Amino acid sequence: MRLQRYVGRIVSLKQESFRPVVQRAHRRGMKVENRFIVAAVHSDSKLICYGADFRVAVSAAEVALL
């Protein structure tokens, strides 16, 4: 699969991947939406996604395009 097609797109994380992000947000006293922008593809085929004050690296199987 061509992962570059995800760069610049808005994605949501699947529940099992989003749950740790929510837990980090709650520890910081923040709320977070399940909307992230894909900024880059890492050399190990992970998508680097940013949302609010969070950066996550996930595989393409863990996201859904919006």
Side-chain angles (χ1 to χ4, degrees):
M1 182 186 322
R2 295 182 36 87
L3 296 177
Q4 288 296 328
R5 74 183 183 121
Y6 287 98
V7 175
R9 304 288 300 269
I10 304 289
V11 298
S12 65
L13 302 180
K14 292 188 177 176
Q15 280 304 113
E16 56 272 2
S17 300
F18 185 57
R19 194 171 296 119
V21 176
V22 171
Q23 291 170 346
R24 281 192 293 169
H26 284 279
R27 283 195 300 269
R28 293 181 183 181
M30 301 171 64
K31 293 183 180 181
V32 63
E33 276 190 53
N34 193 357
R35 301 286 185 272
F36 296 85
I37 187 160
V38 179
V41 177
H42 195 270
S43 60
D44 62 354
S45 298
K46 295 280 187 175
L47 301 174
I48 308 301
C49 305
Y50 290 91
D53 290 336
F54 296 97
R55 175 189 171 273
V56 294
V58 294
S59 71
E62 298 175 79
V63 300
L65 288 172
L66 297 179

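Predicted, not measured: the structure shown is a model, and the values here were computed from it.
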Identify every side-chain donor-acceptor pair in residues 29-40 under 3.5 Å, counting partners at least two apart or on other chains, and give the distances.
residue : atom : partner : partner atom : Å
Asn34   : OD1  : Leu13   : N            : 2.7
Asn34   : ND2  : Leu13   : O            : 2.8

Looking at Arg5 and Arg9, what are the two nearest heavy atoms and their distance? O-CG, 3.4 Å
Please set out all donor-acceptor pairs under 3.5 angstrom arising from side-chain atoms of residues 41-66, sequence neighbours excluded.
residue : atom : partner : partner atom : Å
His42   : ND1  : Asp44   : N            : 3.4
His42   : ND1  : Asp44   : OD1          : 2.9
Ser59   : OG   : Glu62   : OE2          : 3.1
Glu62   : OE1  : Ser17   : OG           : 2.5
Glu62   : OE2  : Ser59   : N            : 2.9

